[in-house]
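Values in this document were obtained by computation on a predicted structure and should not be read as measured data. Letters A, B, ... mirror the listed sequences (proteins, then strands); counts begin at 1.
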Protein chains: 2
Amino acid sequence: MTTTSMKDVARAADVSVGTVSNVLNRPDAVAEETRRRVQAAIARLGYVRNDSARQLRAGRSRNVAIVVLDVANPFFTDVVRGAEPLVDTAGGVVTVCDSGEDVGREAKQLEILEEQRVLGLLITPVDNSSAERLARLAAHEIPVILVDRGAGLHPHCSVAVDDVHGGRMAARHLLELGHESIAFAGGPTSIPQVDDRLTGCREVCEGAGAGLEVLTSVSLNVTGGREAVEQMLALPRPPTAVFCANDLIALGALQGLTMRGIKVPEECAIIGYDDIDFAAAAAVPLSSVRQPRAQLGRTAAQLLFDEISEGPGHTHRNVVFQPELVARASTAVNL
Amino acid sequence: MTTTSMKDVARAADVSVGTVSNVLNRPDAVAEETRRRVQAAIARLGYVRNDSARQLRAGRSRNVAIVVLDVANPFFTDVVRGAEPLVDTAGGVVTVCDSGEDVGREAKQLEILEEQRVLGLLITPVDNSSAERLARLAAHEIPVILVDRGAGLHPHCSVAVDDVHGGRMAARHLLELGHESIAFAGGPTSIPQVDDRLTGCREVCEGAGAGLEVLTSVSLNVTGGREAVEQMLALPRPPTAVFCANDLIALGALQGLTMRGIKVPEECAIIGYDDIDFAAAAAVPLSSVRQPRAQLGRTAAQLLFDEISEGPGHTHRNVVFQPELVARASTAVNL
DNA sequence: CGGCGCCATTGAATCGTTTCACGTGGGGTC
DNA sequence: GACCCCACGTGAAACGATTCAATGGCGCCG
C-alpha cells in the first residue's frame with residue numbers, strides 16, 4: 001500500500017475516476033447518493049489528493065514564496081506575517097525561503113521555485129545579480145513582487161520604503177542633537193537598502209559639513225554591530241553617534257559600547273533602522289527609523305494577487321511608503 | 001509560449017525526450033556531442049524542468065517542511081536556522097510554515113503538506129489534536145520529527161528539551177533568591193511545553209511551600225506578557241516574581257512592569273524561557289532558561305535524514321537535551 | 001567476413017489528476 | 001406520443017518527466 005489513488009477510490013465506490021474528481025472539485029455536479037458513496041470510500045481508504053499530479057495538470061502550484069534576506073531578523077518575519085492572511089484567504093500556501101544574504105543560495109532557491117512553478121514570488125533580492133533571473137520568471141508568467149526595494153529599472157511590481165529619505169531623517173536627527181561627526185554601520189553597499197540609507201545620510205552630512213565615517217564591512221546582524229563598534233573605536237577620532245543600517249546592528253552596537261563601558265547615549269548615540277519590536281525593549285531603548293513592516297507584506301501580497309487576476313493587461317505598480325522617525329533614549333542627549 | 005517542455009527541447013536538439021532526460025539526470029550516459037547539442041537547446045529555449053511532473057513520477061517531493069508555532073519568535077527561527085544547512089546539503093528544500101498556534105491553521109497546513117508528499121516534516125505541534133494526522137503521515141511513509149516536544153506516546157522521532165526540569169530550575173532559582181510566591185505566565189496549558197514548564201515549577205513550589213499563581217490565559221508573545229502583568233497586579237497579594245513560559249512573554253512583562261513604574265528586579269523579578277538573543281539585550285537583561293535552539297534544529301534534521309536512509313527497519317529515537325539556567329539582572333536581587 | 005558485445009539512443013508505458021466531449025435515461029411540454 | 005432538455009456519469013486524452021526494454025550502429029576479434 002504505497003499510495004491510494006483516485007483509481008482505487010473509484011473502484012471502491014464503483015464509479016469512474018472522473019466522478020471522484022468531480023466529488024472533490026465540484027460536489028454540486030454529483031448526485032447526493034453518489035457523492036456520499038465516494039466520500040465514504042475516500043474516508044475508508046484514507047485517500048489523499050496528489051498535489052503533484054494536480055499541479056502538473058494545472059501547470060501551476062498554489063505556493064506563494066517569500067524569499068527574505070534573514071529569517072532571524074524580526075523585520076522580515078513581520079513582513080511575512082503581514083502577507084500570510086491575504087495568501088491564506090486566496091487559498092494559497094506561504095513558503096518562506098531564507099537566502100541568508102547569500103547570492104548563491106538565492107540563485108539556487110530561485111531555480112527551485114521556478115521549477116516548482118510557484119504561483120508568485122515576493123522577494124527582497126540580495127543584490128542586482130538576480131535581476132536577470134527574476135525577469136525570466138516574470139516572462140514565464142510567474143509574478144514577482146519586489147519587497148523593500150525601489151522599483152528602479154525592474155519590470156516588476158514593488159513595495160518599498162523611501163530609504164534615501166529614511167537615511168536623511170536619521171542623519172538630520174543626529175545633527176540636530178549636536179553631533180558633528182557620525183558613523184554609518186552596515187554593509188555591503190551592494191545591498192540596495194544599505195546603499196540608499198547611506199546615500200541619504202551622506203547627503204545630509206555633506207550638506208551640513210558634518211563628518212561621516214562609513215563602515216561597510218559589517219554584516220546585517222547583531223554580531224555585525226559588535227564588530228562595527230570595534231572598527232569605530234579604532235578610528236583616530238571616533239564619531240559621537242552611529243547610524244546603523246538596521247536594528248540588529250544597532251542592538252549589537254549597543255552591546256559593544258556597553259561592554260566597553262561607553263555610555264549610550266551620553267558618550268555615543270545610536271540610531272537604528274526598521275523599528276522592530278525589540279528596539280523599544282532594548283537595554284537603552286533604541287531610536288529608529290520605522291518601516292511599516294506588516295503593511296509592506298500585506299501590500300506586496302495584494303499586488304501579487306492583483307497582478308494574477310488582472311492577467312496580461314496588467315501594468316506594474318510601485319508603492320512607496322514613507323518611513324517615520326522614532327526617537328527614544330539612545331539618542332536622547334543634546335550635546 | 002506558455003512553457004517549454006522537454007519535448008520542445010528534444011525537437012530543437014533533434015533527439016528524443018529520453019535523451020534530454022538523460023542529459024539532465026545522468027550526463028555521463030550521453031555522448032559528448034549530443035550532450036552539448038541538448039544543453040545548447042536548453043539554454044536557447046530557456047527550458048526549466050517541471051518539478052510537478054518529476055515529483056509525480058518520483059512519488060515524492062524534495063521539500064522538507066518545518067511547521068512552527070510562531071515565525072516571529074526568534075526561538076523558532078533559530079531552530080530553522082539550525083536545520084537549514086543539513087537540508088541544503090542533502091539536496092532538499094526548506095519550507096517554513098507558521099501555524100500561529102492555531103489548531104485549524106495547523107490542520108490545514110498538514111493537509112496541504114500531505115498532498116504535496118513532502119519528503120519529511122519537522123513540527124512543533126500546537127497540541128495533541130494533530131496526533132492522529134501525524135500518525136497517518138508517518139504511515140504514508142512521510143517521516144515526522146517532533147521538535148521541542150517529548151516523545152510521549154507518539155510513534156515518531158523527536159528532539160526535545162527537558163521542560164519539566166527547566167521549570168524546576170526556574171522556580172528553584174527564584175525561591176533561592178528569597179521569593180515566597182511566584183506567578184507563572186503563559187498559556188494555554190494544552191500546549192505541552194507550557195504544561196511541562198508549569199509542572200516543574202509547581203512541583204518545586206509545592207515542595208517548598210511557596211505560593212504559585214498560575215496565569216494561563218496568556219498568549220505566548222509580547223502582548224501576552226503585558227496582559228499577564230495586568231492580571232498579576234489585579235491579584236489580592238501579587239507575587240514578587242514572574243516565571244514566563246517564554247522570553248517574548250518575559251519581555252512583555254518587563255515592559256508592563258516598567259510602564260507601571262514597578263522596578264525590575266527590585267520590586268518584581270522576571271525569568272523567561274528559551275534565552276533568545278534579545279533576552280540578553282533587554283532593558284533589564286533577562287534571566288532565562290536556555291534551550292540549545294540551533295542544535296534542536298540540526299538534530300531534528302539529522303534524525304529526519306537518518307530515518308529516510310534507514311528505511312522501514314528504522315526505530316524511532318528520542319533525543320532529549322538539558323536546559324541551562326542563565327541568571328542575569330532581571331533576577332539579580334536577593335530579597 | 002561473420003558474429004558478438006557495447007554504447008548511445010529511442011519509444012512507449014507510467015505516474016495521478018483534471019477536463020471535456022459524449023452517452024443515457026427520465027421528466028416535462030405541447 | 002414526439003421532442004427536448006437536464007442532470008449524472010463515463011472514458012479517454014492531456015499534462016511533462018522518468019525509466020527501461022528494445023534497437024541500431026560500430027568496432028573488434030577470431
Side-chain angles (χ1 to χ4, degrees), chain A residues 1-39 41-42 45-62 91 111-112 114-118 140-142, chain B residues 1-39 41-42 45-62 91 111-112 114-118 140-142:
Chain A
M1 201 234 25
T2 37
T3 357
T4 99
S5 73
M6 285 187 58
K7 219 185 312 185
D8 303 314
V9 174
R11 199 176 312 132
D14 197 31
V15 295
S16 73
V17 286
T19 301
V20 177
S21 174
N22 279 335
V23 170
L24 258 29
N25 302 313
R26 312 132 71 166
D28 315 323
V30 177
E32 174 83 14
E33 200 269 338
T34 315
R35 194 191 326 149
R36 258 208 287 274
R37 197 147 35 90
V38 172
Q39 277 161 347
I42 287 177
L45 300 180
Y47 166 75
V48 178
R49 254 229 222 41
N50 183 326
D51 210 39
S52 313
R54 196 156 127 92
Q55 280 178 37
L56 171 58
R57 194 84 229 294
R60 179 114 311 170
S61 87
R62 291 171 301 165
E111 168 129 20
I112 290 170
E114 190 174 1
E115 289 184 358
Q116 298 193 153
R117 304 290 192 270
V118 290
H140 284 16
E141 290 171 17
I142 297 183
Chain B
M1 203 231 30
T2 39
T3 359
T4 99
S5 74
M6 284 187 57
K7 220 185 311 184
D8 303 315
V9 175
R11 198 175 313 132
D14 196 31
V15 294
S16 74
V17 287
T19 300
V20 177
S21 175
N22 280 336
V23 170
L24 257 30
N25 302 314
R26 315 132 68 165
D28 315 322
V30 177
E32 172 82 15
E33 199 270 337
T34 315
R35 192 190 326 147
R36 256 209 288 274
R37 198 148 34 95
V38 172
Q39 277 161 346
I42 288 177
L45 300 180
Y47 165 74
V48 178
R49 256 228 227 31
N50 183 326
D51 211 39
S52 314
R54 198 152 126 91
Q55 281 176 37
L56 172 57
R57 197 81 225 297
R60 179 115 310 167
S61 88
R62 292 171 301 165
E111 168 130 19
I112 290 170
E114 190 174 2
E115 290 183 357
Q116 298 194 151
R117 305 290 193 268
V118 289
H140 283 15
E141 292 171 15
I142 297 183

### Query
With sequence neighbours left out, what residues match A/S52 under side chain to side chain donor-acceptor pair (under 3.5 Å)?
A/N50, B/Q55
### Task
Go through the structure and list residues passing side chain to side chain donor-acceptor pair (under 3.5 Å) with A/R62, not counting sequence neighbours.
A/D51, B/E115
### Query
What heavy-atom pair brings B/V17 and B/A10 nearest, and what distance separates the two atoms?
N-CB, 3.8 Å
### Query
Starting at CZ of A/R35 and ending at C1' of D/dA7, how long is that distance when rounded to a whole Å?
13 Å
### Under the salt bridge (charged side-chain N to carboxylate O under 4.0 Å, His left out) test, residues paired with A/R57 that sit two or more places apart
none
### Task
Using atom OH of B/Y47 as one end and atom P of D/dG16 as the other, report the distance to the nearest whole Å.
10 Å
### Message
Which residues pass the side chain to side chain donor-acceptor pair (under 3.5 Å) test with B/D14, not counting sequence neighbours?
### Response
none
### Summary
B/D8 CG to D/dG16 P, in whole Å, measures 8 Å
Close N/O contacts between protein and nucleotides 26-28 of chain D (under 3.5 Å):
none

### Task
Kindly give the heavy-atom pair with the smallest separation between A/R49 and A/N25, and that separation in Å.
NH2-OD1, 3.1 Å
Shorter than 3.5 Å, N or O on both sides, protein versus nucleotides 19-22 of chain D: list them out with atom names.
| residue | atom | partner | partner atom | Å |
| --- | --- | --- | --- | --- |
| D/dT19 | O4' | B/R57 | NH1 | 3.3 |

#### Entry: Straight-line distance of A/Q116 CD to A/I142 CD1, nearest 0.5 Å
10.0 Å
### Message
Strictly distance-based, threshold 3.5 Å: is any side-chain N or O of A/R117 a donor or acceptor partner for the main-chain N or O of A/E114?
### Response
yes
### Message
What's A/V20 touching, base or sugar-phosphate or nothing? Going by heavy atoms closer than 4.0 Å.
### Response
nothing
### Query
Taking for each residue the nucleotide of DNA chain D with the nearest heavy atom, is it A/A53 or A/V15 whose nucleotide lies nearer the 5' end?
A/V15
#### Entry: Where chain A begins and ends its contact with DNA chain C, read 5' to 3' at 4.0 Å from heavy atoms
C/dG16 to C/dT19
## Note on the structure
From CZ of A/R54 across to C1' of D/dG16 the rounded distance in Å is 18 Å
### Task
Check the distance between D/dC15's P and B/M6's CE and give it to me in whole angstrom.
15 Å
### Between P of D/dG16 and CZ of B/R11, the distance in whole Å
12 Å
### Message
According to side chain to side chain contact (heavy atoms under 4.5 Å, CB included), who are the partners of A/E33, at least two apart in sequence or on a separate chain?
### Response
A/R37
### Message
What is the distance, to the nearest angstrom, from the CG atom on A/D51 to the P atom on D/dG16?
### Response
17 Å
### Query
Just how far, in rounded Å, is P of D/dA7 from CD of A/E33?
19 Å
### Divergence of helical axes at both termini of the helix from C/dC1-D/dG30 to C/dC30-D/dG1 - five pairs an end, 10° steps
50°
### Query
Does A/D8 have any side chain to side chain contact (heavy atoms under 4.5 Å, CB included) partners at least two apart in sequence or in another chain, and if so, which?
A/T4, A/S5, A/R11, A/L45
### Query
Can you name the side chain to side chain donor-acceptor pair (under 3.5 Å) partners of A/Q39, sequence neighbours left out?
none
### Query
With a 4.5 Å heavy-atom cut-off, do A/I42 and A/L24 have their side chains touching?
yes
### Any residue meeting side chain to side chain contact (heavy atoms under 4.5 Å, CB included) with A/A41, in chain and number order, not counting sequence neighbours
A/V9, A/A12, A/A13, A/R44
### Message
Quick check for you: to the nearest 0.5 Å, what is the distance between A/T3 atom OG1 and B/E141 atom CD?
### Response
8.0 Å
